[in-house]
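Report on the following structure.
Sequence lines set the chain letters: A, B, ... in the order given, protein chains first and strands last, and positions in each chain run from 1. Computed from a predicted model, the values in this text were never measured in an experiment. Side chains included, hydrogens not; waters and symmetry mates left out as well; all remaining heavy atoms used.
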Amino acid sequence: MSDFKPKFLRPSNTVSYLDKNESTFVDTTTFVYNKYVSQSIETQRRRLPIFDNRNHILFLLEKYQTLILVGETGCGKSTQIPQYMVEAEWPGQIGICEPRRVAAISLANRVADEIGALVQSDSIGYAVRFDACYNKPKIKYMTEGILIRELMTDPLLKSYSAIMLDEVHERTLYTDILMGLFKKILKKRNDLKLIVASATLDAKFLKDFFNLGCQNNKETSTILSVEGRQFPVDIFYLSDPVPCYVQASVDTALKINSSKEPGDILIFLTGVDEVDRATRLLIEHANNIEESGQKKKIIVYPMHGSLPYHDQLKVFKSAPDNHRKIVVATNIAETSVTIPGIVHIIDCGFVKLRWYNVETHTDSLILLPISKASANQRAGRAGRLRSGKVYRLYTEEYFDKMPDSTPPEIVRTNLTSVILLLKALGIRNILNFNFPNRPPIKNLKSALEILYALDAIDINGELTKPLGFNMAEFALDPMFAKILLNSGEFGCSEEILTIISILQVETIFTKPSTGNSVIKARIQKRLFEVEEGDLLTYLNVYSGFIQSEMSNEFCHKNFISYKSMKRVLEIRKRLEKVLKNYGIPIISASGSSQLIIKCLVSGLFPNAAYLHYTGVYKTIRGDIELHINPDSVLYTIPQPQWVIFCEVMHTKKLYMKDITVIKDEWLLELAPHFYYKTS
DNA sequence: GAGCACTGC
């Protein structure tokens with residue numbers, strides 16, 4: 001490892017590791033082998049680092065309204081604090097908000113085990129979309145979105161005596177919205193306690209944010225740090241920058257492999273392309289190793305979000321005897337997926353982030369250096385079973401220049417849904433809302449303009465009745481909500497329900513990446529394709545699926561994801577229920593694609609483009625140059641003159657996704673307030 | 001000829 005110089009992330013822990021008990025540490029996505037299975041649960045709970053702080057935490061919760069809890073993953077905060085509060089006979093419910101579904105569910109199951117109760121009982125339960133508890137459990141784990149939805153009917157959260165916001169350092173969109181809302185709620189409910197759990201050292205910022213500075217000059221928030229159960233991780237930096245981090249990551253992995261160090265390797269790269277390249281290079285070497293009969297064999301797995309579920313599961317298996325596992329992953333492995341047994345981390349130092357560009361109304365996927373917090377989070381993926389090592393493919397000087405934290409999602413996203421939500425929650429003046437980090441004014445303004453064009457708010461910025469209120473109910477992009485609400489009048493609500501539901505899942509097609517099946521998948525897809533575009537093609541897939549009586553076989557034969565289709569059915573059922581509640585008739589267009597498309601235009605009209613004589617598409621608002629995504633059914637047929645699209649993503653070019661062919665006069669007919677004809 | 005990662009009654 002001559003290119004690297006070692007540096008310690010933190011001084012070695014002074015605690016003896018012999019007593020460490022991995023089992024008590026709840027992993028959100030994987031299970032962990034419990035080698036202390038014979039120990040009583042009570043003993044296991046007492047071993048957690050947080051146990052020493054039990055009484056202090058309860059004391060601080062009496063004294064302060066908000067407790068900022070800094071603790072690394074695995075210190076037990078998410079599972080233990082709610083139990084401490086129940087043991088101390090706190091009244092009402094204790095709610096814990098997680099950014100991910102799996103986390104909410106697995107934490108609830110873990111606590112149910114510990115207290116010897118059934119999950120979804122009166123003492124412990126969880127609520128995530130499409131899988132909710134119907135009682136009011138004493139301890140309730142939920143996703144952030146669920147609590148926000150609960151706020152719509154119970155603005156002061158009267159049934160709760162305490163809420164814990166977990167993983168706040170991730171600063172998801174909903175975390176920031178909840179933080180802003182809580183600042184208001186805490187003022188009105190002096191008896192409600194808030195625990196803000198974060199893994200990074202942004203505690204001072206959080207404490208100041210939640211200090212309401214009430215009477216008697218007494219602060220209302222305080223900080224407590226809890227030691228984690230992490231083993232030390234040695235950090236190595238490059239002494240000189242490398243020209244290509246993909247190649248460097250492969251070289252480093254092979255160097256680790258030829259060294260004496262045991263343990264699996266996790267490589268962080270930025271995208272599918274890089275992951276595939278590195279995987280290919282490593283597999284070539286793996287074959288060489290096999291042929292030369294060397295001892296140090298490796299087994300390589302790619303890991304990213306668009307990999308079929310079945311392939312994703314492979315990375316959790318432990319390597320065969322005499323093999324070392326190397327996982328090449330995107331950022332999915334930073335928070336969403338925990339791979340057991342990792343000892344070595346290779347960190348390229350970059351990430352792809354979605355960033356909304358308000359000038360062009362498009363999302364960009366941009367390559368950025370990661371933050372220090374992110375680099376440490378990646379490093380922390382090693383050192384969970386024994387001490388680990390992280391190889392950073394950048395210099396120490398470079399690390400020092402990295403930003404402390406990644407910009408929160410709320411400052412880099414399209415805000416139309418957020419503002420509709422806040423308005424529905426009674427926040428009249430969005431500019432005065434207590435965002436922990438204020439999104440750019442331009443983004444707020446642009447979102448208000450779109451909501452006004454959709455008739456969700458009036459000229460004074462007030463939510464319209466009933467349209468605006470009804471739109472907020474859906475938890476959909478406001479454009480889609482509008483389309484759904486119009487679909488009764490257009491006489492095509494059956495079809496619109498299907499289309500919108502399909503647009504809520506990432507993709508309904510499975511995409512084989514290698515072999516004959518790549519061609520086969522394309523041929524099968526052709527069977528569903530229509531010249532009207534992607535959305536009506538989806539409609540055909542859905543009809544086929546229903547006609548097959550929702551058979552797994554139909555999906556398999558046609559390269560359609562059964563898992564996605566099942567979810568589409570769930571979402572569709574939910575949306576249909578909301579529509580029926582509003583008295584909107586559920587009727588079919590009986591084959592008239594024109595009705596369906598006009599209904600789509602009635603909400604998607606801001607996303608219209610025309611074919612310029614130069615052969616590229618241009619938006620009408622803003623004259624932005626757009627291209628058809630190669631995934632679209634319109635990619636291979638003659639280019640239509642006018643289209644609407646659901647999304648634009650800037651990667652190599654600006655690509656429109658989910659495109660539908662329209663007639664230009666429909667824009668004038670259905671959105672006369674938005675478009676007018678020159679000449 | 002192309003795809004960071006989550007989520008919602």
Side-chain angles (χ1 to χ4, degrees), chain A residues 28-29 97-104 127-134 142-153 167 170-178 268-276 303-308 312 329-337 348 350-355 363-368 370 374 377 406 409 412-413 417-418 420-421 424 472-477 480-481 501 504-507 509-511 513 518 522 567 570-571 573-581 627-632 634-636 647 649-657:
Chain A
T28 54
T29 42
C97 291
E98 297 292 327
R100 281 170 293 280
R101 294 161 58 96
V102 266
V128 300
R129 196 187 192 189
F130 300 126
D131 191 2
C133 49
Y134 291 100
M142 63 197 126
T143 42
E144 295 164 332
I146 293 278
L147 190 70
I148 291 180
R149 290 282 143 184
E150 282 185 12
L151 279 164
M152 282 193 170
T153 49
E167 313 279 4
E170 287 183 28
R171 298 294 299 273
T172 68
L173 195 56
Y174 287 143
T175 304
D176 276 32
I177 294 171
L178 280 173
F268 280 100
L269 295 174
T270 73
V272 180
D273 237 32
E274 290 173 7
V275 167
D276 286 348
M303 180 69 193
H304 52 79
S306 37
L307 217 55
Q312 290 195 10
T330 61
N331 220 31
I332 195 171
E334 191 178 304
T335 50
S336 313
V337 156
C348 76
F350 285 87
V351 68
K352 267 187 202 162
L353 277 188
R354 195 190 263 263
W355 207 295
D363 277 313
S364 296
L365 209 49
I366 52 175
L367 190 67
L368 285 174
I370 57 172
S374 202
Q377 175 77 20
T406 312
E409 196 181 354
R412 48 186 178 86
T413 194
S417 300
V418 174
L420 189 65
L421 183 65
E473 188 79 30
F474 279 108
L476 289 173
D477 183 299
F480 294 149
S501 305
Q504 300 313 298
V505 300
E506 58 291 358
T507 173
F509 296 105
T510 57
K511 269 190 285 177
S513 51
V518 179
R522 201 173 307 163
R567 190 156 173 85
E570 277 186 322
I571 295 169
K573 208 166 81 191
R574 184 62 52 87
L575 295 177
E576 184 177 351
K577 205 171 131 194
V578 182
L579 271 194
K580 279 182 175 162
N581 277 347
H627 301 265
I628 291 177
N629 187 296
D631 266 344
S632 170
L634 296 179
Y635 190 79
T636 45
E647 194 190 353
M649 181 70 105
H650 192 168
T651 46
K652 282 179 186 158
K653 287 174 178 173
L654 282 155
Y655 287 108
M656 299 180 275
K657 285 166 84 175

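Residue A:Thr651 is classed as a sugar-phosphate contact, given heavy-atom separations below 4.0 Å to backbone atoms only. At a threshold of 4.0 angstrom between heavy atoms, the contacts of A:Leu476 include nucleobase atoms, whether or not backbone atoms are also involved. Contact annotation for A:Thr330: backbone-only contact, meaning every heavy-atom pair under 4.0 Å involves sugar-phosphate atoms and none involves a base. Using a 4.0 Å heavy-atom criterion, one finds that A:Asp631 contacts the bases of the nucleic acid, with or without backbone contacts as well. Among the heavy atoms of the strands lying under 4.0 Å from A:Tyr655 are primed sugar atoms or P, OP1, OP2 only; no base atom is included. Across all strands, A:Val351 comes closer than 4.0 Å to no nucleic acid atom at all (heavy-atom distances). In this structure, A:Leu365 reaches the bases: a heavy-atom distance under 4.0 Å links it to at least one base atom across the strands shown. Using a 4.0 Å heavy-atom criterion, one finds that A:Arg171 contacts no nucleic acid atom at all. Residue contacts shown for A:Lys577 are absent, as no nucleic acid heavy atom lies under 4.0 Å away. Among the protein residues, A:Arg354 comes within range of the nucleic acid bases, having at least one heavy atom under 4.0 Å from a base atom. Across all strands, A:Tyr635 comes closer than 4.0 Å only to sugar-phosphate atoms, never to a base (heavy-atom distances).
In this structure, the salt bridge (Lys or Arg N to Asp or Glu O under 4.0 Å) partners of A:Glu647, at least two apart in sequence or on a different chain, are A:Arg354, A:Lys657. Listed by chain and number, the residues in a salt bridge (Lys or Arg N to Asp or Glu O under 4.0 Å) with A:Lys653 amount to none (sequence neighbours excluded). Take A:Asp131 and apply the side chain to side chain donor-acceptor pair (under 3.5 Å) test, not counting sequence neighbours, and it matches A:Tyr126. Partners of A:Ala424 according to the side-chain contact (heavy atoms from CB on, under 4.5 Å) rule, which considers only residues two or more places apart in sequence or in another chain, are A:Met152, A:Leu463, A:Ala472. Not counting sequence neighbours, A:Gln504 has no partner by the side chain to side chain donor-acceptor pair (under 3.5 Å) test.
Side chain of A:Glu170 to main chain of A:Pro99: no donor-acceptor pair is present (N/O by atom type, distance under 3.5 Å, no hydrogens or angles).
Ion pairing between A:Glu576 and A:Lys580 holds under the 4.0 Å rule for side-chain N and carboxylate O.
Chain A approaches DNA chain B over the interval B:dG1 to B:dC9, counting the first and last nucleotide 5' to 3' with an atom under 4.0 Å from its heavy atoms.
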